[in-house]
Amino acid sequence: GLLPGGEGTQRIVRVAPLEVALPMLLTGAPQKAEKALKGGVVDAIAKGDVVEEAAKMALSKPPAPISKRPVPNANRFKVYGGALDGAEAMAVNKAKGMIAP
């Protein structure tokens, strides 16, 4: 998964549309594998041996670090269009009474 300590909060907006990334960032809610694949959060879902399939996939493509990808312009425009305000309202409604650490 994408962990905050592993730069997950910086990487998710580079691979997924903002409407997929923000709920994950603001609520910490996990996603089903199929939904994550459709939303661009993961590249593939392993059907057999996870390590073997991951190794095959890693060796079949040239390195493309997520940290080097730019944030898509579509995500930038959504932020300017008020997407963060809407996401904040959604997070507040989903986590009523929850106090952040």
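Throughout, residue positions are numbered sequentially from 1 according to the sequence presented. Here the structure is a predicted model, which is why all the values come from computation and not from measurement.
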Please say yes or no: joined through hydrophobic side-chain contacts below 4.5 Å, possibly via intermediate residues, are V41 and I45 part of one cluster? yes

Contact summary for [X] and [Y], nearest pair of heavy atoms:
{"X": "D43", "Y": "M57", "answer": "CB-CE, 3.1 Å"}
{"X": "R11", "Y": "I66", "answer": "CB-CG2, 3.6 Å"}
{"X": "A33", "Y": "V42", "answer": "O-CG2, 4.3 Å"}
{"X": "G39", "Y": "P17", "answer": "O-CD, 3.1 Å"}

Sidechain N-carboxylate O distance under 4.0 Å for E34, K38: no

Please round to the nearest 0.5 Å and tell me the distance separating atom CE of M24 and atom CD of Q31. 4.5 Å

